[in-house]
Number of protein chains: 2
Amino acid sequence: MTLRERKKAQTRDGLAEAALRLFADRGFEKVTVDEIAAAADVSRRTFFRYFPTKEAVVFPDRERRLRRFREMLVDRPHGEEPFESVRLALMALARDYEKNRARVLLQQRIVEESAAVRAYDAELDRQWERTMAASLGDVDRAPAADRRRARLGAGALMGAIRAILNEWYAGAGAGDLKVLGQEAFDLLTYGMSVTTNDSK
Amino acid sequence: MTLRERKKAQTRDGLAEAALRLFADRGFEKVTVDEIAAAADVSRRTFFRYFPTKEAVVFPDRERRLRRFREMLVDRPHGEEPFESVRLALMALARDYEKNRARVLLQQRIVEESAAVRAYDAELDRQWERTMAASLGDVDRAPAADRRRARLGAGALMGAIRAILNEWYAGAGAGDLKVLGQEAFDLLTYGMSVTTNDSK
DNA sequence: TGCCACTTGACACTGAGTGCCAGTTTGCGG
DNA sequence: CCGCAAACTGGCACTCAGTGTCAAGTGGCA
């Protein structure tokens with residue numbers, strides 16, 4: 001990595017770190033971009049060169065994580081069920097979350113207190129959902145019916161994952177995220193009919 | 001309804017209508033609140049008395065619809081399965097969407113072209129999800145395990161609904177939304193194992 | 001060393017959203 | 001029908017997010 005690149009990474013990290021500290025201290029809404037920039041010793045204009053919006057700085061590693069997820073889905077053994085590939089990739093992600101528990105929980109605290117950040121978060125979820133749909137079969141050469149089913153499944157799965165993540169957050173990350181995740185997959189795999197006993 | 005109330009409703013409708021027309025014409029981002037206010041013959045300040053944000057004016061009937069959904073869920077025959085109640089309430093909503101097809105599709109066009117509106121839309125979805133979770137069993141007196149299951153189910157259901165709505169939008173509202181909705185429910189009821197044949 | 005490309009800071013500007021107050025309109029009791 | 005309190009509106013000033021532009025600075029590389 002060249003010096004220029006190192007400096008850029010440093011600036012970026014500095015901004016993200018300063019922002020996170022300030023947000024944790026006073027809350028997302030009560031911190032201005034000017035303050036973040038000042039705390040990181042750069043100009044306000046520079047902040048917006050590194051992050052498109054004030055919300056984005058809450059998730060400085062979003063692309064990296066999504067990219068890793070995509071790579072994981074590509075590098076699966078040939079013949080493995082797509083649904084199973086997604087499950088395994090998400091399990092790896094769950095481990096990643098648990099490893100960075102403190103940071104993830106802090107980010108979540110910020111997400112919850114501000115509608116703007118929640119909205120940004122939701123937009124990220126849409127990207128995850130599209131990625132999963134593509135992996136489950138929403139690709140150009142697949143039959144239309146399969147693609148629909150893939151999109152439908154990805155939507156339901158994303159919804160379930162969001163729900164179990166919320167459970168995990170609610171328990172301050174004390175529960176086992178991999179177990180929770182398996183619950184979500186079981187629900188999607190076998191349906192709610194087991195206990196709900198859908199009438200008619 | 002008193003004169004004052006009628007006038008308020010009129011102002012609100014005027015703003016919503018003017019906004020929708022302008023958005024359809026030039027796109028959400030290219031229209032300023034000043035222009036909407038001018039088109040509706042009120043001051044900019046008054047706009048923000050009726051709508052909290054520029055995004056909100058895209059969905060002027062959000063509270064009404066959600067309220068009606070809640071009422072529907074309350075007025076179900078005693079003993080009916082909660083899951084079934086939700087299904088029927090959503091089916092009624094689907095009919096409502098099909099009846100107002102043109103308007104709904106126009107709103108969707110606006111939603112799609114602007115990230116800010118999508119984000120606002122996602123925030124509304126969270127409210128729907130919470131409502132469904134409450135109806136499925138996320139209530140104070142229910143056992144914790146049931147509440148969790150309710151939240152999980154509501155999350156998955158909301159995800160599936162969002163996905164089938166997108167299918168409907170993609171087909172310009174030509175498909176039968178009730179049939180699509182049933183697909184989502186079937187997926188949630190019986191799971192994906194039927195065709196996906198999940199391998200261990 | 002010197003040049004080119006990349007990066008940064010400063011400034012100005014637009015537009016969303018809010019607080020405040022003064023002026024107007026409406027509902028309502030006398 | 002009158003007048004008053006409450007509700008509503010318009011206008012103004014202000015904060016802050018985000019963008020375009022340009023000049024100055026800094027690193028990469030021949």
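To find a chain, count down the sequence lines: A is the first, B the second, and so on, and within it residues start at 1.
- Atom pair A:Arg26:CZ and D:dC16:P shows a separation of 10 Å (rounding to whole Å applied).
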Between the protein and nucleotides 28-30 of chain C, which nitrogen or oxygen pairs come in under 3.5 angstrom?
none

* Tell me, for nucleotides 13-18 of chain C in 5' to 3' order, what letter each nucleotide earns: B for a base near a protein heavy atom under 4.0 Å, S for only sugar-phosphate near one, - for neither? -> --SBBB
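- What separates NZ of A:Lys8 from C1' of C:dC6 is a distance of 8 Å, to the nearest Å.
- A close approach under 4.0 Å does not occur between any side-chain nitrogen or oxygen of A:Thr46 and OP1 or OP2 of C:dT8.
- By the 6.0 Å contact criterion, CZ on B:Arg26 is enclosed, its count of non-hydrogen atoms from other residues, nucleotides or ligands being greater than 12.
- Using a 4.5 Å heavy-atom cutoff, the side chains of A:Asn166 and B:Arg151 are not in contact.
- Looking at residues two or more places apart in sequence or on another chain, you find a side-chain contact (heavy atoms from CB on, under 4.5 Å) between B:Ala154 and B:Glu129, B:Met132, B:Ala133, B:Leu136.
- In this structure, the CG atom of B:Asp41 is 16 Å from the C1' atom of D:dC8, given to the nearest Å.
- The distance from atom CG of A:Leu15 to atom C1' of D:dA17 is 16 Å, rounded to the nearest whole Å.
- Here B:Ser85 pairs with B:Glu80 under the side-chain hydrogen bond (donor to acceptor under 3.5 Å, both in side chains) rule; sequence neighbours left out.
- Partners of A:Arg141 by side-chain contact (heavy atoms from CB on, under 4.5 Å), not counting sequence neighbours, listed by chain and number: A:Val139.
- With rounding to whole Å, A:Gln10 atom CD is found 15 Å from C:dT8 atom C1'.
- Considering only residues two or more places apart in sequence or on other chains, B:Glu5 meets the side-chain contact (heavy atoms from CB on, under 4.5 Å) condition with B:Met1, B:Thr2.
- By the 4.5 Å side-chain criterion applied to Ile, Leu, Val, Met, Phe, Trp and Tyr, A:Met91 is assigned to no cluster and stands alone.
- With a 6.0 Å radius and a threshold of 12 heavy atoms from other residues, nucleotides or ligands, A:Glu17 has its CD atom at or below the threshold.
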Using a 3.5 Å cut-off and no angle test, enumerate the donor-acceptor pairs between side-chain atoms of residues 48-60 of chain A and protein atoms at least two apart in sequence or in another chain.
{"residue": "A:Thr53", "atom": "OG1", "partner": "A:Glu55", "partner atom": "N", "Å": "3.3"}
{"residue": "A:Thr53", "atom": "OG1", "partner": "A:Glu55", "partner atom": "OE1", "Å": "3.4"}
{"residue": "A:Thr53", "atom": "OG1", "partner": "A:Ala56", "partner atom": "N", "Å": "3.1"}
{"residue": "A:Lys54", "atom": "NZ", "partner": "A:Phe28", "partner atom": "O", "Å": "3.0"}
{"residue": "A:Lys54", "atom": "NZ", "partner": "A:Val31", "partner atom": "O", "Å": "2.7"}

* To do: Can you run through DNA chain C from 5' to 3' and write each base as (, ), [, ], | or . depending on how it pairs? Watson-Crick or G-U wobble, both distances under 3.5 Å.
  => ||||||||||||||||||||||||||||||
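- The hydrophobic cluster containing A:Val74, built from Ile/Leu/Val/Met/Phe/Trp/Tyr side-chain heavy atoms closer than 4.5 Å, comprises no other residue.
- Note on A:Asp121 versus A:Arg126: no salt bridge recorded, every NZ/NE/NH1/NH2 to OD/OE distance being 4.0 Å or above.
- Legend: residues meeting ring pair (Phe, Tyr, Trp, His ring centres under 6.0 Å) with B:Phe69, ordered by chain and number and at least two apart, are B:Trp128.
- Residues A:Arg149 and A:Asp138 are not paired through a salt bridge, judged by the lack of any N-O separation under 4.0 Å between the basic side chain and the carboxylate.
- With distances taken from any side-chain atom of B:Tyr50 to the nucleotides D:dC8, C:dG9, D:dG10, the minimum falls on D:dC8.
- Whole-Å rounding puts the B:Arg6 CZ to D:dC8 C1' distance at 16 Å.
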Can you give me the N/O atom pairs linking the protein to nucleotides 22-26 of chain D at distances under 3.5 Å, or say none if there are none?
{"residue": "D:dT26", "atom": "O2", "partner": "A:Arg4", "partner atom": "NH2", "Å": "3.4"}

